[in-house]
Amino acid sequence: MKITHIEHIGIAVKSIDEAISFYEEVLGLRCYAIEEVKDQKVKTAFFKVGETKIELLESTDPEGPIGKFIEKKGEGMHHLAFAVDNLTDALLKIEEKGITLIDKSPRKGAEGLYIGFLHPKSTFGVLTELCEDPGKKD
Ligand code: ZN
């Protein structure tokens, strides 16, 4: 497995509209996409910073993963996502090393990426996501 770059940093927010204003008006970035990911019960907004993106996450359901996260820990950094060249292979190799996975096989995430999460208990407290862009396959 090979990590190519930090794909995105996920940030949990209570109000995506208020957070977008901060990123656009204060930091001068431009939101280029807003997307609802129904099975994760979130609305997402994306900003590009070089090759890396900022992904804002607003819960659409208090029982969803982001709703629960904000209730427990408040707003803030939620996860770190690395781009890998082959996600299926990466998840297998990582599991072989004794790391607990949340996703044992790739599933669909925002922006048409395939994603898989590693459990923060195994990753020093940082919820870690691996992504593969199927459009970037050679
Ligand atoms: Zn993510």
Side-chain angles (χ1 to χ4, degrees):
M1 86 167 227
K2 190 180 165 239
I3 289 177
T4 55
H5 59 283
I6 292 176
E7 216 288 329
H8 62 271
I9 296 166
I11 297 170
V13 299
K14 286 182 187 163
S15 161
I16 212 162
D17 293 330
E18 283 177 28
I20 287 171
S21 297
F22 169 74
Y23 281 89
E24 290 197 326
E25 284 155 37
V26 180
L27 298 187
L29 299 170
R30 193 179 60 86
C31 174
Y32 69 91
I34 291 179
E35 186 185 338
E36 191 171 334
V37 184
K38 287 234 163 76
D39 69 324
Q40 289 177 63
K41 301 184 167 84
V42 287
K43 199 166 138 190
T44 61
F46 288 94
F47 302 82
K48 275 193 185 111
V49 187
E51 230 186 323
T52 302
K53 297 159 193 159
I54 301 291
E55 177 185 33
L56 301 179
L57 302 150
E58 178 193 283
S59 185
T60 55
D61 179 340
E63 289 305 306
I66 295 299
K68 284 185 181 158
F69 176 88
I70 289 179
E71 197 187 292
K72 243 165 93 181
K73 299 188 172 171
E75 294 178 295
M77 194 182 141
H78 178 258
H79 66 276
L80 179 61
F82 294 107
V84 294
D85 55 352
N86 182 329
L87 180 57
T88 305
D89 178 61
L91 291 173
L92 276 172
K93 296 258 160 71
I94 287 169
E95 192 175 31
E96 275 171 19
K97 291 182 176 162
I99 302 300
T100 305
L101 305 181
I102 293 173
D103 300 299
K104 293 197 181 247
S105 55
R107 62 185 162 96
K108 274 208 158 162
E111 295 204 296
L113 296 177
Y114 287 97
I115 63 168
F117 281 96
L118 316 184
H119 201 285
K121 275 183 191 155
S122 288
T123 57
F124 302 88
V126 178
L127 177 60
T128 302
E129 176 183 359
L130 302 178
C131 324
E132 181 186 333
D133 182 349
K136 271 194 182 164
K137 261 212 165 128
D138 7 71

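Heads up: numbering here begins at 1 and tracks the sequence. Everything numeric in this text was worked out from a predicted model, so none of it was measured. All ligand and atom numbering here is 1-based and tracks the order in the structure.
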Residue set satisfying side-chain contact (heavy atoms from CB on, under 4.5 Å) with S21, at least two apart, ordered chain then number -> E25
Go through it in stages, so that I can follow the logic: the residues are E24 and R30, the test is salt bridge (charged side-chain N to carboxylate O under 4.0 Å, His left out), and I'd like the CA-CA distance, side-chain angles, deciding distance and then a yes or no. CA-CA 5 Å; E24 290 197 326; R30 193 179 60 86; over 6 Å; no
Grouping ILVMFWY residues whenever side-chain heavy atoms fall under 4.5 Å, the cluster of V37 otherwise contains V42, L57, I66, F69, I70
Which of T52, L27, I54 passes side chain to side chain contact (heavy atoms under 4.5 Å, CB included) with F47? It is I54
State plainly whether the residues K53 and E7 are in salt-bridge range, i.e. N to O under 4.0 Å. yes
Residues at least two apart in sequence or cross-chain that pass salt bridge (charged side-chain N to carboxylate O under 4.0 Å, His left out) with E95, listed by chain then number, are K104
Within a distance under 2.8 Å of the Zn ion (ligand 1), the protein atoms of type N, O or S are H8 NE2, E55 OE1, H79 NE2, E129 OE1
